Q: 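Take this structure, written in structure tokens, and hold onto it; I'll ask about it next.
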2 protein chains.
Amino acid sequence: MRRAPAGAHPPANPLYKEVKNRLMRGLVAGEWKPGQAIPSEWRLAGRYGVSVGTLRRAVDELVAEKIVQRRQGSGTFVTTHTEDHQLYYFFHIVSTGGGKEAPTHELLSFRRDRAKGEAASQLKLERGEPVYRIHNVLKLADRPVIFDEITLPVARFPDLTKSLLAARAGTIYGLYQARYGINVIRISERLSAARASSRQAAGLQLREGEPALIIKRVAYTYHDTPVEYRVSCVNTAQHEYLSDLWKGAPAGAAEP
Amino acid sequence: MRRAPAGAHPPANPLYKEVKNRLMRGLVAGEWKPGQAIPSEWRLAGRYGVSVGTLRRAVDELVAEKIVQRRQGSGTFVTTHTEDHQLYYFFHIVSTGGGKEAPTHELLSFRRDRAKGEAASQLKLERGEPVYRIHNVLKLADRPVIFDEITLPVARFPDLTKSLLAARAGTIYGLYQARYGINVIRISERLSAARASSRQAAGLQLREGEPALIIKRVAYTYHDTPVEYRVSCVNTAQHEYLSDLWKGAPAGAAEP
DNA sequence: TTCGATTTGTTCGTATGTATT
DNA sequence: TAATACATACGAACAAATCGA
């Protein structure tokens, strides 16, 4: 029982994809916020007029994309970036030994600037649009390991201040989420090796010109909308970037 | 309040996990080889005495892990590394522009050696066990970009020769699979920045001491068994390592 | 502490649609 | 065209976990 008589419509998505999209729209609209539970499967199935099995299939995909999490006996919850489990989700620097250490942050500078160059193009901003430019050092085991330059569009993060950033409880993505309702669900990173610039070297207490790992990251929220551009410089004398690959070639998104 | 009166049994896996494991054992045993179709869902369900739905759920997980692929109307096939689609599956070097270029290979050297150091420990070999040591250069757009040192246990690749390697049709993983029945399904990479060694610099036509991206890779087959250790040195002047993250924190495997 | 309501997890079954050969 | 195989959708029943009364 295909529903529409197909007036030359889109490829006639399966029903569960349709349901998934409707759920996504609810998430984007903020109908259910991170940390909160969405309605029960029974209730959602009724709301969308589908069987529980079909509803489950839609939620299955959101779970696979880590957009929501299921807890048996409790409910299905919108993913948060403040939980321990998520803390390391986008954090791939490990000590050469292999152990993950608790990081500490040091906010070096915070100022307003104008978008330009790669930051502008990756964030899909016009040249000259206002952005924040943030410099931050991350330490592991008390040694500076990562020097970050973060670019954020002012439009998406109104009234962000240095003290808000410095006083945040969890990760910076937790702050995006808690204060601005922006949920980072995907990042794309491009890595290369280069000599550390004087600024990067200073932040990492490294000799200028020493080889360092450069990571250019774009963070995306729903619908592949870029929200953060970040250039990280990593001292890989004692640490490495860990990449485990075995599944999930960029599938799933960008269909509708 | 574990349910079992503790017959010391495992946590009593769900049925579909059990079925998945049985399928895995069949794959490992070579009952169905890469490129071949496994029996139909209907048939497998009968064989394992479960419903088609349960059988499908087991296969779903194998599909998610890219161990098999479904083709509607045709069947379910064991994943191959020779298909175009899989060609770039474990290949993450892209030109700075973004496009992926067709690579060409040049086999520099091939010799037998004894395992030692990190290669031995990562491959879970005793020091001194026989290995092959292979040096290879990969070119993109006619320029040398990646210098590889590959270590393989002789025990798993008996009678491998230089000409076999040089004459291979597709990727090196395709050769592992076609000739030795070894199916690489997962790799783990650790990246750092360092000065290129003289050997690496020579292979890449680079000045010695220039910063380069170092990738230490371990390739695994079923049951997390390591089969290849590889140190790659990448000239990132014109190319970058691309890492897209958004799902699938190492879940799925390693259960029993 | 126990109990019961709620919610997700697992398993079964059936019917029908769609792609391949 | 017909047979086969996977894809989608529905429904039902019970198990297991959670949480509050």
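Note that the structure is a prediction, hence the values are computed from the model and not measured. Numbered from 1 within each chain, the chains take letters A, B, ... in sequence-line order.
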Q: One character per nucleotide, please: for nucleotides 8-14 of chain C, 5' to 3', B when the base has a protein heavy atom closer than 4.0 Å, S when only the sugar-phosphate does, - otherwise.
A: BSBSBS-
Q: Would you name the heavy atoms of B/H239 and B/V145 that are closest together and state the gap between them?
A: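 Distance-wise, the nearest heavy atoms are CE1-CG2, 3.5 Å.
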Q: Apply side-chain hydrogen bond (donor to acceptor under 3.5 Å, both in side chains) to A/Y176 and list each qualifying residue two or more places apart in sequence or on a separate chain.
A: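 side-chain hydrogen bond (donor to acceptor under 3.5 Å, both in side chains) check on A/Y176 returns A/E228.
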Q: Could you state the CZ-P distance from A/F77 to D/dA17, rounded to the nearest angstrom?
A: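 It is 17 Å, rounded to the nearest whole Å.
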Q: State which residues pass ring-ring contact (aromatic ring centres under 6.0 Å, His included) with A/Y48; sequence neighbours excluded, sorted by chain then number.
A: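 Testing A/Y48 for ring-ring contact (aromatic ring centres under 6.0 Å, His included), a comparison that skips the adjacent residues, returns none.
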Q: Should A/L160 and A/V154 be marked as a side-chain contact (heavy atoms from CB on, under 4.5 Å) after you check the CA-CA gap, both sets of side-chain angles, and the distance that decides it?
A: CA-CA 8 Å; A/L160 183 62; A/V154 171; over 6 Å; no
Q: Any idea which heavy atoms bring A/R179 and A/D159 closest together, and the distance?
A: NH2-OD2, 3.3 Å
Q: Across all strands, who's sitting opposite D/dA13 as a Watson-Crick or G-U wobble pair, both distances under 3.5 Å?
A: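 Because both required distances fall under 3.5 Å, D/dA13 counts as paired with C/dT10.
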